[in-house]
Amino acid sequence: MSNHYDHRAIETRWQAAWREQDLFRARNPGTPGFDPKVKKYYALDMFPYPSGSGLHVGHAVGYIGSDVVTRQKRMQGYNVLHPMGWDAFGLPAEQYAIQTGRHPRQTTAENTANFKRQLERIGLSFDWSREIDTSDVRTYRWTQWIFARLFDLGLAYQAEAAVWWCEELKTVLANEEVINGRSERGNHLCVRRPLKQWMLRITAYAERLLDDLDDLDWPEPIKLQQREWIGRSEGAEIHFPLENSAHKITVFTTRPDTLFGATFLVLAPEHPLVAELCPPSHTAAVQTYVQESARKSELERTDLAKAKTGVFTGAYAVHPAFEAGDPRRKIPIWIADYVLAQYGFGAVMAVPGQDQRDYDFARTYGLPIVRTVEPPGDFSGEAYAGAGRMIHSAWLDGLDTEAAKRKTIDWLIATQAGCARVTYKLRDWLFSRQRYWGEPFPLLHLEDGSVVRVPDSDLPVTLPDMQDFRPAPDGSSPLARAKDWLQARDPKRGRPARRDTDTMPGWAGSCWYWLRFMDPSNEREPFSAEAERYWGPVDLYVGGAAHAVMHLLYARFWHKVLFDLGLVHTKEPFARLFNQGLITAHAYQDASGRLVPSDEVVAHAQGFQRRSDGAPLEQIVTKMAKSLKNVVNPDQIIDEHGADTLRVYEMFMGPLADSKPWNTRDLAGSQRFLERVWRMFVDEASPNPLRPGLRVDQQSATLEGPSLELEKALQRALQRVDDSFKALNFNTAIAALMGFVNEVTKREGALTRSQAERFLLALAPIAPHVCEELWQRLGNQGSICLAPWPKVDARYLIDDEVELAVQVNGRVRARVKVAREATGVEVEQAALQAAGTWAEGKIVVRTVVVPGKLVNLIVQ
RNA sequence: GGGGAAGUGGCGAAACCGGCAGACGCAUCGGACUUAAAAUCCGAAGGGUGAACAACCCGUGCGGGUUCAAGUCCCGCCUUCCCCA
């Protein structure tokens with residue numbers, strides 16, 4: 001047997017062995033091998049959409065991180081659930097299929113096979129017996145089943161909602177397909193137009209989605225983003241009757257106190273009353289404006305920096321707080337696209353004195369501006385949005401803002417002109433797509449226009465096999481063309497019915513997949529209560545911060561609905577959330593800004609040049625993307641350097657949470673480290689599988705000399721490994737283990753077998769293959785993957801003597817060694833002596849002693 | 001526009017509660033081993049002034065502040081990255 005570090009042979013050997021031994025199988029209650037006394041640990045990765053281009057090293061970093069945690073937990077004796085699957089439905093898969101002219105079912109199967117192969121090569125310890133695919137009918141029948149529960153609860157409803165429409169492509173586009181009002185594909189102009197859509201009433205859960213964030217062990221920034229997204233605001237709704245109509249316009253405002261400053265109303269262009277209240281003289285101008293704003297995205301419409309546009313409707317409303325005959329009682333109604341239809345009531349009372357957008361608008365169109373809150377004396381702005389004493393506000397004058405809000409709300413209630421109101425920025429979730437590759441809705445449309453759902457016993461509603469699944473030119477879903485599939489019968493009375501032709505959005509499967517992993521092959525229910533009670537909630541959820549808002553909010557919403565139905569026993573699905581950072585990469589641009597593939601770049605001392613012609617290049621840091629020509633494929637890294645080297649490098653690059661640039665050059669350090677570990681155990685010049693000194697522990701009962709020093713070094717390293725595993729910044733664990741290897745190198749022959757074993761155990765979660773190989777060479781029975789985690793012995797962490805820095809007036813001037821138990825006075829004396837000329841002849845006015853760290857002498 | 005995160009050597013980074021800035025690596029340079037090279041091992045290295053492994057000064061994006069002591073805390077800016085139904 002060759003005796004050098006052969007990563008290829010080692011990695012294939014142990015991956016095969018682990019698979020054969022079924023080592024990473026998680027035991028469900030009631031199955032053979034299940035031990036109720038063993039604690040569970042559920043570590044979940046955000047499952048990937050299996051794209052055609054395969055996995056790159058940026059995807060791998062989160063998976064490796066969670067795998068390291070998982071492997072440590074197994075060694076600590078937990079029953080670990082660590083599953084993986086495929087988020088396979090959705091737009092990208094469909095797009096890819098249309099481009100290649102092949103069916104998404106086929107491309108998805110190929111892509112998942114490739115992803116799985118890549119993940120296995122990295123040595124990730126997934127329980128593959130639980131693999132699921134959201135586009136597999138065995139999975140999506142339960143997605144439909146859960147949707148059916150939502151439908152029964154009245155949480156799903158149909159409504160007209162604005163969707164992007166591209167006239168050129170003759171298709172409905174998703175938000176992510178429209179950039180700056182133009183289609184991503186082809187760069188054609190798009191407009192928003194209303195279409196009947198399925199909506200989910202997530203707003204009914206807004207309060208709970210907000211409140212329950214408090215108890216979660218999630219990164220604070222993510223919680224903050226969710227809170228911002230939900231956007232709770234307290235205020236009032238106020239009714240403004242129309243001058244010549246029975247209708248009234250209801251507005252929401254967070255500043256009811258500023259009612260007397262409201263000089264006009266502004267409606268969103270989509271407001272339902274727009275057409276009705278407009279007198280014929282103004283119809284043409286209003287219609288033109290409504291069409292123009294349909295072209296804009298919300299981003300453009302609400303951009304504070306852009307000029308506000310709007311148009312007068314020709315109609316007036318009655319200001320409820322002014323007496324009849326008061327000229328201020330009649331206020332004009334305008335339309336402007338900075339008001340969004342979906343927020344509040346799609347209408348605002350404009351208070352130009354206290355709101356900058358209203359102010360800008362009033363100035364542009366010459367509308368009156370009244371200030372009703374007194375700004376501080378040094379205020380120099382235009383609209384004053386802060387708090388203050390009320391002025392020009394009749395019976396509110398003199399009150400402060402808070403008191404004025406309360407009094408106004410009381411008045412609104414008393415006069416039936418409004419009431420207190422809480423609104424949320426969060427809107428109901430547009431849940432249908434006019435696309436092929438998604439879960440069909442389990443719904444039937446009857447001839448009388450009513451909608452009934454497919455009974456549970458008739459599920460699944462299978463997605464029909466279609467050859468042409470492109471979106472239709474009239475905006476209808478491709479499923480509308482599946483004639484045979486379309487026809488159905490009312491399950492109750494047998495009347496003819498038509499299936500719903502929309503499909504669910506890409507998010508649907510990811511709203512409950514962690515529950516399916518608990519009991520993936522259950523054919524009677526989405527998951528058993530027993531499995532959920534045992535495995536839930538997810539203990540650690542690892543994924544990109546990119547999903548901070550939408551996926552996590554949607555998933556929490558579904559989970560809460562299931563909680564209310566008694567189907568899950570926790571209010572929240574993910575106890576701890578961790579966001580891995582983005583792996584960025586260098587990309588190179590020439591003078592014209594064109595991207596140059598990374599492998600055509602040469603680095604020089606002065607900078608970077610194109611290999612072919614020596615043209616100077618600029619280096620930029622971006623994310624890894626095929627379009628930027630800077631993607632690094634893990635297969636290639638594993639071929640050349642090994643999976644363990646890839647794992648060590650990705651964990652050594654920096655804290656898992658940080659984004660950091662990939663640099664293939666730096667791999668060498670990680671590979672060298674593993675080679676040094678290898679040589680610590682194996683003498684490559686000899687045919688022996690192991691250095692003779694490590695065969696049995698020859699150490700006597702008490703450690704001394706270099707072996708004692710190594711013991712202290714090992715204990716310090718183990719302590720740092722434990723700390724770093726808790727925080728998931730494995731870079732410091734690896735640094736500590738490297739430091740230990742350096743110490744061993746300096747003390748030839750001092751390393752004991754016990755020390756060698758404990759070192760190996762601590763490294764095993766990060767570099768499992770090489771550690772398993774050496775573990776077996778040490779003659780151990782059983783896999784290192786299930787061997788007990790090494791414990792820190794605190795006795796070795798304490799030294800008798802400590803070195804202190806001696807500062808004089810805050811600057812380090814000397815160092816001094818003192819006994820660990822030295823008193824303050826002793827330390828001060830030693831420090832004074834060490835400070836020498838710096839303190840000589842000076843008066844020490846103060847001494848600060850930080851035990852074990854430093855002494856600061858303040859002298860005059 | 002709104003929201004979030006981050007700026008430390010040539011590069012990736014470390015520094016736990018405010019306590020010696022730059023651990024551990026990469027790249028670089030020097031030495032040992034070698035006929036030679038690779039590999040390996042040993043060593044140097046933030047910047048400046050200096051002949052100096054002497055000594056001192058300056059240094060954590062920029063400008064202020066608090067403190068015996070600030071990468072870390074406070075105030076105001078600049079830049080970059082991520083997300084937006």
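Basis for what follows: all heavy atoms, side chains included, without hydrogens, waters or symmetry-related copies. Lettering of chains follows the sequences in order, A, B, ..., and the numbering in each one begins at 1. In this text, all values refer to a predicted model and were calculated from it rather than measured experimentally.
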| task | Go through Lys223(A) and Glu220(A) one step at a time and tell me if the salt bridge (Lys or Arg N to Asp or Glu O under 4.0 Å) criterion holds. | result | CA-CA 5 Å; Lys223(A) 291 198 205 177; Glu220(A) 247 352 280; 3.7 Å; yes
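Within the 4.0 angstrom heavy-atom criterion, no nucleotide atom of any strand lies near Val549(A). At the heavy-atom level, Pro505(A) lies nowhere under 4.0 Å from the strands shown. Counting any heavy atom pair closer than 4.0 Å across all strands shown, Arg227(A) reaches no nucleic acid atom. Counting any heavy atom pair closer than 4.0 Å across all strands shown, Trp229(A) reaches a base atom. Among the atoms of the strands shown, none is found under 4.0 Å from any heavy atom of Ile222(A). Residue-level contact check: Asn731(A) touches the backbone only, with heavy atoms under 4.0 Å from sugar-phosphate atoms and none from bases. Nucleic acid contact for Lys223(A): none, since no nucleic acid atom lies under 4.0 Å from a heavy atom of the residue.
Taking only side-chain atoms of Leu426(A), from C-beta outward, the nucleotide of A23(B), A21(B), A85(B) with the closest atom is A85(B). Each of A21(B), C84(B), C11(B) was ranked by its minimum atom distance to the side chain of Arg665(A); first place goes to C11(B). Residue Glu228(A) places its side chain closer to G3(B) than to any other of C41(B), A27(B), G3(B). Nearest to the side chain of Arg811(A), among C20(B), C58(B), C41(B), sits C58(B). The side chain of Leu854(A) lies closest to G19(B), out of G4(B), G19(B), C41(B). Closest to the Arg846(A) side chain, of the nucleotides C20(B), C68(B), C11(B), is C68(B). In this structure, the nucleotide among G12(B), C26(B), C24(B) sitting nearest to the side chain of Asn742(A) is C24(B). Nearest nucleotide to the Arg813(A) side chain, out of C20(B), C57(B), C26(B): C57(B). Which of C20(B), A23(B), A85(B) sits closest to the side chain of Tyr554(A) comes down to A85(B). Closest to the Arg720(A) side chain, of the nucleotides C41(B), G4(B), A23(B), is A23(B).
In C17(B) the O4'-C1'-N dihedral to the base is within 90° of 0, which defines a syn nucleotide. Nucleotide G10(B) carries an anti base; the chi torsion (O4'-C1'-N9-C4 or O4'-C1'-N1-C2) is more than 90° from 0. In G50(B) the O4'-C1'-N dihedral to the base is within 90° of 0, which defines a syn nucleotide.
Rounded to whole Å, the distance from CD on Glu803(A) to P on G19(B) is 18 Å. One can place CG of Leu674(A) at 13 Å from P of U40(B), the figure rounded to the nearest angstrom. Summarising the geometry, the separation between CH2 on Trp662(A) and P on A27(B) is reported as 15 Å, rounded to the nearest angstrom. When the P atom of C24(B) is taken as reference, atom CD1 of Ile766(A) falls 17 Å away, rounded to whole Å. Atoms NE2 (His551(A)) and P (G4(B)) sit 21 Å apart, rounded to a whole Å. One interatomic measurement links the two molecules: CD of Glu684(A) to C1' of A39(B), which rounds to 10 Å at whole-angstrom precision. In this structure, CZ of Phe652(A) is placed 11 Å from P of A13(B), rounded to the nearest angstrom. Rounding to whole angstrom units, CZ of residue Arg676(A) and C1' of G25(B) are separated by 11 Å.
Annotation: cation-pi geometry not satisfied between Arg691(A) and Phe681(A) (NZ/CZ under 6.0 angstrom from ring centroid, within 45° of ring axis).
Nucleotides G3(B) and A23(B), compared at atom C1', are 36 Å apart to the nearest Å. When the P atom is used for both C81(B) and C74(B), the distance is 26 Å, rounded to whole Å. Nucleotides G76(B) and G12(B) have their P atoms positioned 30 Å apart, rounded to a whole Å. Going from the P atom of U79(B) to that of U28(B) covers 35 Å, rounded to whole Å. Spacing of C1' atoms, U60(B) relative to G71(B), comes out at 5 Å, to the nearest Å. Atom name C1', nucleotides A13(B) and C24(B): the rounded distance is 8 Å, in whole Å. Rounded to a whole angstrom, the distance from the C1' atom of A27(B) to that of C11(B) is 7 Å. For C78(B) and G63(B), the C1' atoms lie 10 Å apart once the distance is rounded to whole Å.
Met738(A) is not listed as a side-chain neighbour of Val741(A), based on a closest heavy-atom distance of 4.5 Å or more. Considering only heavy atoms from C-beta on, Leu426(A) comes within 4.5 Å of Leu553(A) through its side chain. Between Ile858(A) and Val844(A) there is no side-chain heavy-atom pair separated by less than 4.5 Å. In this structure, Phe652(A) and Phe730(A) have side chains that are not in contact, with every pair of non-hydrogen atoms separated by 4.5 Å or more.
The salt bridge (charged side-chain N to carboxylate O under 4.0 Å, His left out) contacts involving residues 735-744 of chain A comprise Glu743(A)-Lys746(A), Glu743(A)-Arg747(A), where partners must be two or more places apart or lie in separate chains. For residues 725-735 of chain A, the set of pairs meeting the salt bridge (charged side-chain N to carboxylate O under 4.0 Å, His left out) definition, not counting sequence neighbours, is empty.
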| Which dot-bracket string fits RNA chain B when only Watson-Crick or G-U wobble pairs with both atom distances under 3.5 Å count, crossing pairs get [ ], and | stands for a partner on a different strand? | (((((((..(((......[....))).(((((.......))))).((((.....))))..(((((..]....)))))))))))).
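In the displayed structure, Ile843(A) atom CD1 is contacted under 6.0 Å by at most 12 heavy atoms of other residues, nucleotides or ligands.
Side-chain nitrogen and oxygen atoms of Arg427(A) include none within less than 4.0 Å of the OP1 or OP2 phosphate oxygen of A85(B). Distances shown here put a side-chain N or O of Arg672(A) below 4.0 Å from the OP1 or OP2 atom of A27(B).
Toward the 5′ end of RNA chain B lies the nearest nucleotide of Lys853(A), the other residue of the pair Ala736(A) and Lys853(A) mapping further downstream. Comparing Lys746(A) and Thr732(A) by the nucleotide of RNA chain B that holds the closest heavy atom to each, the one mapping nearer the 5' end is Thr732(A).
Considering Tyr205(A), Phe431(A), Trp507(A), Trp229(A) as possible partners of Tyr554(A), the one that fulfils the ring-ring contact (aromatic ring centres under 6.0 Å, His included) test is Trp507(A).
Between Phe578(A) and Tyr541(A), the ring center distance fails the sub-6.0 Å criterion.
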